Amino acid sequence: MPGEEAKKRIEELRNELNYHNYRYYVLDQPEISDAEYDRLYQELVALEEKHPELITADSPTQRVGAAPAAGFQSVEHRVPLLSLNNAFNEQDLREFDRRIQRLTGEGQPEYVAELKIDGLTVALTYQDGVFVQGATRGDGIRGEEISANIKTIRTVPLRLRRAPSGLLLIRGEVFMQKQDFAELNQEREASGELLFANPRNAAAGSLRQLDPKVTAARRLDAFFYDILWWEENEREGPATQWEALQLLKEWGLKTNPLSQFCASIEEVIAFCQQWQEKRFTLPYEIDGIVIKLNSLLLQAQTGFTAKAPRAKIAFKFPAEEVETKVRDIIISVGRTGALTPLALLEPVRVAGSTVSRATLHNEDFIREKGIRIGDPVLIRKAGDVIPEVVRVVTERRTGKEREFVMPESCPVCGSSVYREPGEAVVRCQGSSCPAQLRELLLHFASREAMNIEGLGPAIINLLMEKGLVSDPADLYRLTYENLIELERFGDKSARNLLAALERSKETPLPRLLYALGIRHVGAEVARKLAEHFRSLDRILTATLEELLAVPEVGATIAESVQRYAREERNRKLVERLRAVGLNFTLDEVEEDRPLPLAGETFVLTGTLESMTRSAAEEELRKLGAKTTSSVSRKTSYLVVGAEPGSKYQKALDLGVKILSEAEFLQLLEETKRSTD
Ligand code: IVH
C-alpha cells in the first residue's frame, strides 16, 4: 500500500477502534463482536508494522509501552488533589446541608450523589484531547507520574471524542472488579505468590508496577468524576456537577451510571441508605457515597477547609458486621509464654475476605463480652484487617453453649500458668515449653533480629522434632551431617543454612540484644541500650538506676531486663552464645554529632529493586533514621517499592510523604554527601 493510502487507512482504523472502545467501555453498548474488533485491531497492527513512522503515542496499539528507566518521577499537580470530610450518619448529612444553605444564602440546594469507589485516585491530563499524563494522588500536592501504566487501562481513552481544546485535568478512580481480584489471587496462589488483601490493594499494586506489561495483564478499570481544571472552562464549561458528568461521558471517559441527581438532602439520605444495604450486590467495592453540591459556581464560592472542599462530603458506610458462630476457643502460646485465646469461627465473608478466626485477647475480654463456646456472635474487621468480636447475639443462644475456662496449665507443655497481678495476660511458667521455644527461635532468626536466611517455621519445627535444638545457641552447633540427614535438606540447602548461620555471628549488638526476646525490649529499645552500654555484659549487670538513666527506658523495661538477667536458664543461654562467638560488644566508633536523619521515621513497603529491605533499613539506621513497620501520623516518609501493601494507602490517607525508590536513593545520596 502506498504511503498516503496507508496513512488514510491507519487514521480510519484508529477512529473506528476508538469509537468501538467508547461503545464498549463507556456506553456499555457494543455494536460489533470481539472478533470483529480484533480483526480491525490486527489490521492496524500490521499497517503500523509496515509504516513505523506513522505510529503515534495515542494509537490504540500503543497501550503497552516500555518501563520507565529509573522508577516513577514525582510530579506536581497543577491543581491540588484535596480529600473529603466525612459524614457517618443522617444527622451529619443534615448538618452538611444546613451549612451549605448558610454559606450560599440560597434556598434548597441541589446535589449529586455518587458511589464512592474504593480504589485509587488518579489525575489525567489531556492536551487538545490527547492523553499526555497520568499521575497518582500522592500527598495531594505531588504525585507519581504513572502514564505508561494508566495507558494500559482500556477504559482510559488515549484520545478524547470531540477533542476539547487546551489543557484538561480529570480526576477519577482506578479500581479492580471483585471477580478480577478473585481470579488474580487464585492465579497468585497457584504460583505461590503473596495474595492481595483486597481489590484496592490489588489495584494499587498493579498500578504501581514499574513494568507496564504487568499492569496490562491485570484487569484494571476506572470511573471519572471531576473536571479538575480546563483551560476553556470559562467559555464553554459546565455549570453543574451533573452537566460535568454528562460532558465527561461525551468525551469518552467512563462515568458511573449509578450517580444520581438529588433535589434535596432527603433524596441524598435515601440514596445513601439504599446503597448501604445494596452495596454488596455491586461488582466492585464501594466504601461510601460522595455528595457534591450541584452548582459549580456555588462550589467555588463555598471554598475549602484545610484539606477538603466545603461543598462535598463523603458519607462513610459503617464497618460491615456479620453473624457467625464460635465453634471453639483455643489457646495459642507466644514467645513470652503468653496464652492468647482465639475464637475458631464458622468461616464467613466480611468486608471482602473469608474469616475463620478472631482474637479474643485475654480472659477479661471473654468475660466482659460474655463469650461462650458455641455462641452466635457478630464480628467485624477492625482497622480493615484483624477481625474482632463485637458482641454475642444472646437472643439467638440455644442453651447448648459452654462456658470457656482458661486452662490452669500450658496446653503445649503442661507447665503451670501464672497471671501477674494487675496484668490481663496469663503466662506459661515452663522453662522448656516447646511453643515458647518455637516462637523464640522464629524471633531469633527473623530479619530484624539475627536475620538467618532460610530458617523459617518449617525448618524450625523439623529441628525441634529431631531434638537438634533446644535453645538458640544450639543453632550454631548444627553440622552438615546433622542437616543432610533431614528430609528437607539437600547438599546445597544444608550448606546455605550453615553459611547463613555463620554470617549471622557478625550481627551487631543491638540486633543480638533484640534477638534474645527480652519482654518489652523491642528493636528500638535494644538499640538504645546497646548504644548506651556498648556491651551485653554491662546491660545484663546494670543496676536499676543505670538502666533508668538510658533515655526512653522506664521502669517496665528496666525491670524486665533485670528479671531476664536473673534467670538461670537465660544466663546459661548467654554463656552458650558467647562461646559460639557472637558479637557481645558495640565497637564501631560513633560520632558525637547528631546524625543527619536523626528524628526521622521511615517505613518501607513493597519490593525495592536496587537493594534488599534490610540493606535499606541498615542504610537509614546508619544515617540516624528510625525504621518502623507500620505507618502512623508520626511517620516522616513511606518508601514505596513495587507491589506495595496496605501501608501505601494508609500513608495516602494520613498524608504521609511518599518516596518512590528513585527519590529514596536520591535522598540517601544527598544525605550522605551532606555529611562528607
Ligand atoms: S470526589 C475533593 N467522587 O474518595 C475531593 N471522590 O475520601 C474530591 N472517591 O480521594 C473527591 N469515588 O479517591 C470523589 N465519586 C467520587 C469518588 C471519590 C471515590 C475517593 C477518592 C477520594 C476519596 C475521598
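Given the structure is predicted, the values throughout are model-derived calculations rather than measurements. Whatever order the structure lists them in is the order used to number ligands and atoms, beginning at 1.
Of all protein heavy atoms, the one closest to atom 14 (C) of ligand 1 is Tyr225 CE1, 3.2 Å. Looking at atom 24 (C) of ligand 1, its nearest protein heavy atom turns out to be Leu84 CD1, 3.6 Å. Of all protein heavy atoms, the one closest to atom 12 (N) of ligand 1 is Ile117 N, 3.1 Å.
Side chains of Gln241 and Gln299: a donor-acceptor N/O pair is absent below 3.5 angstrom, by distance only.
Not a single heavy atom of Ala308 sits closer than 4.0 Å to an atom of ligand 1. For Leu115, the heavy-atom gap to ligand 1 drops under 4.0 angstrom.
Looking at Arg188 and Glu643, a side-chain N of the basic residue comes within less than 4.0 Å of a carboxylate O on the acidic one, giving a salt bridge. A salt bridge between Asp287 and Arg200 is absent, with no side-chain N of the basic residue lying under 4.0 Å from a carboxylate O of the acidic one. By the 4.0 Å N-to-carboxylate-O rule, Arg94 lies close enough to Glu90 to be salt-bridged with it. Salt-bridge annotation for Glu183 and Arg218: absent, with no side-chain N of the basic residue lying under 4.0 Å from a carboxylate O of the acidic one.
Of the heavy atoms in Pro309, only side-chain atoms (C-beta onward) come closer than 4.0 Å to ligand 1. At a 4.0 Å heavy-atom cut-off, ligand 1 touches Asp226 through the side chain alone. At a heavy-atom distance under 4.0 Å, atoms from both the backbone and the side chain of Lys116 approach ligand 1. Neither the backbone nor the side chain of Ala314 comes within contact range of ligand 1; no heavy atom lies under 4.0 Å.
Distances below 4.0 Å separate heavy atoms of Thr121 from the following atoms of ligand 1: 10 (O), 13 (O), 21 (C), 22 (C).
Minimum heavy-atom separation, Gln177 to Pro283: OE1-CB, 3.3 Å. Among all heavy-atom pairs drawn from Ser660 and Glu144, the shortest one is CB-OE2, 3.0 Å. Among all heavy-atom pairs drawn from Pro80 and Ile141, the shortest one is CB-CD1, 4.1 Å.
Close N/O approach between Leu82 and ligand 1 is not found [any backbone or side-chain N/O within under 3.5 Å]. Taking only nitrogen or oxygen atoms, main chain and side chain alike, Glu114 reaches within less than 3.5 Å of ligand 1.
With Trp251 as the partner, the ring pair (Phe, Tyr, Trp, His ring centres under 6.0 Å) test is satisfied by one option alone out of Phe131, Tyr22, Trp230: Trp230.
Looking at Lys292, Gln299, Glu173, Arg171, it is Arg171 that brings a heavy atom closest to atom 10 (O) of ligand 1.
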